[in-house]
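Heads up: the structure comes next, in structure tokens.
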Amino acid sequence: TMSDAAQQDRNVNRAAMQVTDEVAIEISAMNKWYGTFHVLRDINLTVNRGERIVICGPSGSGKSTLIRCINRLEEHQSGRIIVDGTELSSDLKNIDKIRSEVGMCFQHFNLFPHLTILENCTLAPIWVRKTPKKDAEETAMHFLKKVKIPEQAHKYPGQLSGGQQQRVAIARSLCMKPRIMLFDEPTSALDPEMIKEVLDTMIELAEEGMTMLCVTHEMGFAQAVANRVIFMDQGQIVEQNEPKAFFNNPQSERTKLFLSQIL
Ligand code: ADP
Ligand code: MG
């Protein structure tokens with residue numbers, strides 16, 4: 001695709017992306033149902049700090065549900081999910097802790113349309129973290145510079161392009177100083193010419209050592225940035241491997257079929 005091609009001309013500093021042996025997320029024997037529908041089946045997944053994991057798979061395979069379970073936007077029914085040493089349970093105190101350590105970026109940016117870009121970025125730090133307004137604004141400007149749109153701070157989301165809005169959404173997450181970032185198809189609602197600017201922002205995060213789980217079909221991004229690609233189908237992790245082996249030598253028929261459809 002065009003965006004994949006655009007990706008190759010960026011020099012990605014993989015040497016800066018160090019995987020540590022410290023565990024960031026541990027999921028074991030995890031199952032989830034929507035009513036009677038068994039949407040996630042026996043998920044086992046350990047993510048170390050510094051990993052960049054790309055999750056792909058057909059529509060409806062449970063990718064979003066898995067991502068959403070990790071910050072407790074969805075509840076699992078059996079097995080364990082441990083994030084940064086905290087087990088996800090019905091204890092609300094844990095949920096607050098998880099939400100502040102795990103940032104999330106969605107396909108639809110979910111910015112508040114009636115708040116300025118700056119206000120979108122300072123809302124949670126001020127109200128959830130009790131950060132003084134001035135400090136929150138300084139932090140917000142820092143991250144808006146980082147995603148290269150500080151000049152948009154006093155505009156409203158509707159005045160920005162899709163790519164700019166998604167970069168605001170990333171900056172807004174970063175303002176909470178997360179240690180893990182989850183992305184759920186962050187570029188799939190964007191026009192091709194805006195995909196690259198969002199992927200570049202994500203690459204920079206990876207180069208700074210952020211632990212990232214990204215649901216995306218941007219296979220150029222996967223090849224350039226991921227240390228591991230996971231393929232899901234029908235609620236299961238069917239296959240996972242480092243990118244080269246995953247793309248050049250897929251093992252299961254389901255993975256082969258999926259790759260033949262998207263590459
Ligand atoms: P993906 O992100 O891989 O497309 P999802 O995790 O969104 O998959 O969905 C997995 C399956 O669960 C789909 O069959 C979807 O229809 C179903 N599903 C998703 N959300 C809900 C929900 N809130 N209630 C019931 N079924 C759901
Ligand atoms: Mg999805």
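Order of listing sets the numbers, starting from 1, for every ligand and every atom in it.
Side-chain atoms of Q240 and R228 form a donor-acceptor pair, as typed in the model, at a separation below 3.5 Å. With hydrogens and angles left out, the side-chain atoms of T86 and N94 include no donor and acceptor closer than 3.5 Å. Using modelled atom types, one finds a donor on one side chain and an acceptor on the other under 3.5 Å when comparing E239 with T255.
The nearest protein atom to atom 8 (O) of ligand 1, hydrogens excluded, is given as G62 N, 3.2 Å; this is a heavy-atom distance. Closest to atom 19 (C) of ligand 1 among all protein heavy atoms lies Y34 CE1, 3.4 Å. Counting only heavy atoms of the protein, atom 7 (O) of ligand 1 lies nearest to S64 CB, 3.7 Å. Nearest protein neighbour of atom 3 (O) of ligand 1, counting heavy atoms only, is K63 NZ, 2.7 Å. The shortest contact between atom 15 (C) of ligand 1 and any protein heavy atom is with F37 CE2, 4.9 Å.
In terms of polar-atom proximity, G60 is counted as a contact of ligand 1, with an N or O under 3.5 Å from an N or O of the ligand.
The atoms of ligand 1 that sit less than 4.0 Å from any heavy atom of P58 are 3 (O). Of all atoms in ligand 1, listed by their number and element, those nearer than 4.0 Å to a heavy atom of S59 are 4 (O).
If you look at V39 next to ligand 1, the close heavy atoms, those under 4.0 Å, all belong to the side chain.
Note on Q107: not counted as a metal contact of the Mg ion (ligand 2), no N/O/S atom lying under 2.8 Å.
Checked against I81 for a side chain to side chain contact (heavy atoms under 4.5 Å, CB included), the options E75, R72, H76 give a single hit: H76. N227 pairs with exactly one of E51, Q18, R14 by the side chain to side chain donor-acceptor pair (under 3.5 Å) rule, that one being E51.
Under the 4.5 Å side-chain heavy-atom criterion for grouping Ile, Leu, Val, Met, Phe, Trp and Tyr, M141 is not connected to M176 through any hydrophobic cluster.
Remark: among candidates T65, I67, D184, V215, the nearest residue to atom 6 (O) of ligand 1 is T65, based on non-hydrogen atoms.
G57 does not count as a contact of ligand 1, since none of its heavy atoms falls under 4.0 Å from the ligand.
Salt bridge present: E22 and R49 bring a charged side-chain N and a carboxylate O closer than 4.0 Å.
Although no hydrogens or angles enter the test, the distance criterion places a donor-acceptor pair under 3.5 Å between the side chain of H38 and the main chain of L40.
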